[in-house]
Amino acid sequence: MKTHFYLGWFNNFFPENLSRVLQGDITDRKALAMISSNPSIYENDGATERSWLDQAGLMFDEYHLINYRIQKEDAQTIIQNASVIFLLGGDILKLNSFLKEYELLDLIKKSSAVVMGTSAGAINMSSKWLCSKNFGDKVEMNSVYDGIGLDNFSVLSHFDLENNMELVQSELSLLSEEIDIYASNKDCALRIKGDKIDVIGNIYLLSHSKIQKLDETL
């Protein structure tokens, strides 16, 4: 049964209920593969995201950071052997380009590893997503990009929803007619396990231009 975690951002560490669920879901802890969202900036090494895992008691035998220091073929092998794949936060467009350049999309989609992503990583895990300068993306025109497509919905992660609800609705209304969109801010997670969807924290569902806050399930 495939398990995916779409994370917001965490100011401190994972909340207790998320840590508990992760510990139960991640039983194979041989190798963690982290994929950089800024692959040419080697200082972006995922230290923050790794500290969340450490605090949750999730330690691995091997840690791998995939960026431009890693050869394409080696990166593919790391993904194929990973127990957990973690797409890091950072630059949403650079991550999307890097995944395509290194031909990692299908490998991640076919993997039996637990796949998780935070912020830019979570967005790129989804089926498709809207790139907009109103969301802080460095573009002039709105465009819809294809993500990995682990699940058939879109994600807006780590955005100041509460103060921009009207903006979010207007920007995402058209896409929401085609596909469900889960929008989240900080300290939250969407967990997909098989056909079941679980909610931790403040997550909203935008579907057919209507938005509703989802109840927590864990």
For [X], does the [atom1] atom have more than 12 heavy-atom neighbours from other residues, nucleotides or ligands under 6.0 Å away?
X	atom1	result
Met59	CE	yes
Leu218	CG	yes
Lys110	NZ	no
Glu166	CD	no
Lys109	NZ	no
Lys193	NZ	yes
Asp215	CG	no

What about Tyr42 and Tyr68, are their ring centers closer than 6.0 Å?
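Between Tyr42 and Tyr68, the centre distance exceeds or equals 6.0 Å.
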Is the distance from the ring center of Tyr6 to that of Phe153 below 6.0 Å?
yes
Would you compute the distance between atom [atom1] of [X] and atom [atom2] of [Y] and round it to the nearest 0.5 angstrom?
X	Y	atom1	atom2	answer
Phe98	Leu93	CZ	CG	15.0 Å
Ser19	Phe13	OG	CZ	10.0 Å
Ile203	Leu156	CD1	CG	11.5 Å
Asn81	Gln76	CG	CD	12.0 Å
Asn152	Ser126	CG	OG	10.0 Å
Glu73	Tyr102	CD	OH	8.5 Å

Which atom of [X] lies closest to which atom of [Y], heavy atoms considered:
X	Y	result
Asp146	Asn96	O-ND2, 3.0 Å
Leu88	Leu95	O-CD2, 4.2 Å
Asn11	Asp187	N-OD1, 3.5 Å
Gly89	Ser119	CA-CB, 4.2 Å
Lys133	Val139	CB-O, 3.2 Å
Leu7	Ala122	O-CB, 3.6 Å

Distance-only polar pair, side chains of [X] and [Y], donor-acceptor under 3.5 Å:
X	Y	result
Tyr204	Gln169	no
Tyr145	Asn124	no
Ser207	Asp180	yes
Ser36	Asn67	no

Determine yes or no for a side-chain-to-main-chain donor-acceptor pair under 3.5 angstrom, with [X] supplying the side chain and [Y] the backbone.
X	Y	result
Gln80	Leu107	no
Gln212	Leu206	no
Ser83	Lys30	yes
Ser37	Ala120	no
Ser170	Leu167	yes
Glu171	Asn134	no
Ser111	Ile108	no
Asp91	Asn38	no
Arg69	Ile66	no

Any side-chain heavy atom of [X] within less than 4.5 Å of one from [Y]?
X	Y	value
Phe60	Ile26	yes
Phe5	Val114	yes
Leu22	Leu58	yes
Ser154	Leu130	no
Leu53	Met116	yes

Evaluate the criterion side chain to side chain contact (heavy atoms under 4.5 Å, CB included) for residue pair Ile85 and Ile35; output intermediate values, then yes/no.
CA-CA 8 Å; Ile85 300 167; Ile35 304 176; 4.0 Å; yes
Using 30° and 60° as the class limits, which term best fits the ring planes of Trp52 and Phe86: parallel, tilted or perpendicular?
tilted
Kindly indicate, with the supporting measurements, whether the criterion salt bridge (charged side-chain N to carboxylate O under 4.0 Å, His left out) is fulfilled by Arg191 and Asp25.
CA-CA 10 Å; Arg191 174 221 204 190; Asp25 286 343; 3.0 Å; yes
If you apply the rule side chain to side chain contact (heavy atoms under 4.5 Å, CB included), what do you find for Leu32 with Glu62, and how did you get there?
CA-CA 6 Å; Leu32 171 67; Glu62 299 175 15; over 6 Å; no
With respect to Leu87, which candidate in Leu99, Thr118, Ile123 satisfies the side-chain contact (heavy atoms from CB on, under 4.5 Å) definition?
Leu99
I'd like to know whether Leu18 forms a side chain to side chain contact (heavy atoms under 4.5 Å, CB included) with Phe10, so could you lay out the CA-CA distance, the side-chain angles of the two residues, the decisive distance to 0.1 Å, and finally the verdict.
CA-CA 11 Å; Leu18 176 56; Phe10 300 89; 3.6 Å; yes
Test Asp74 against Lys72 for salt bridge (charged side-chain N to carboxylate O under 4.0 Å, His left out), laying out the working first.
CA-CA 5 Å; Asp74 293 336; Lys72 178 177 172 179; over 6 Å; no
May I ask you to check if Arg50 and Tyr63 form a cation-pi contact, with NZ or CZ under 6.0 angstrom from the six-membered ring centre and within 45° of the axis?
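So Arg50 does make the cation-pi contact.
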List the steps, then state whether side chain to side chain contact (heavy atoms under 4.5 Å, CB included) holds for Ile192 with Thr3.
CA-CA 6 Å; Ile192 314 298; Thr3 306; over 6 Å; no
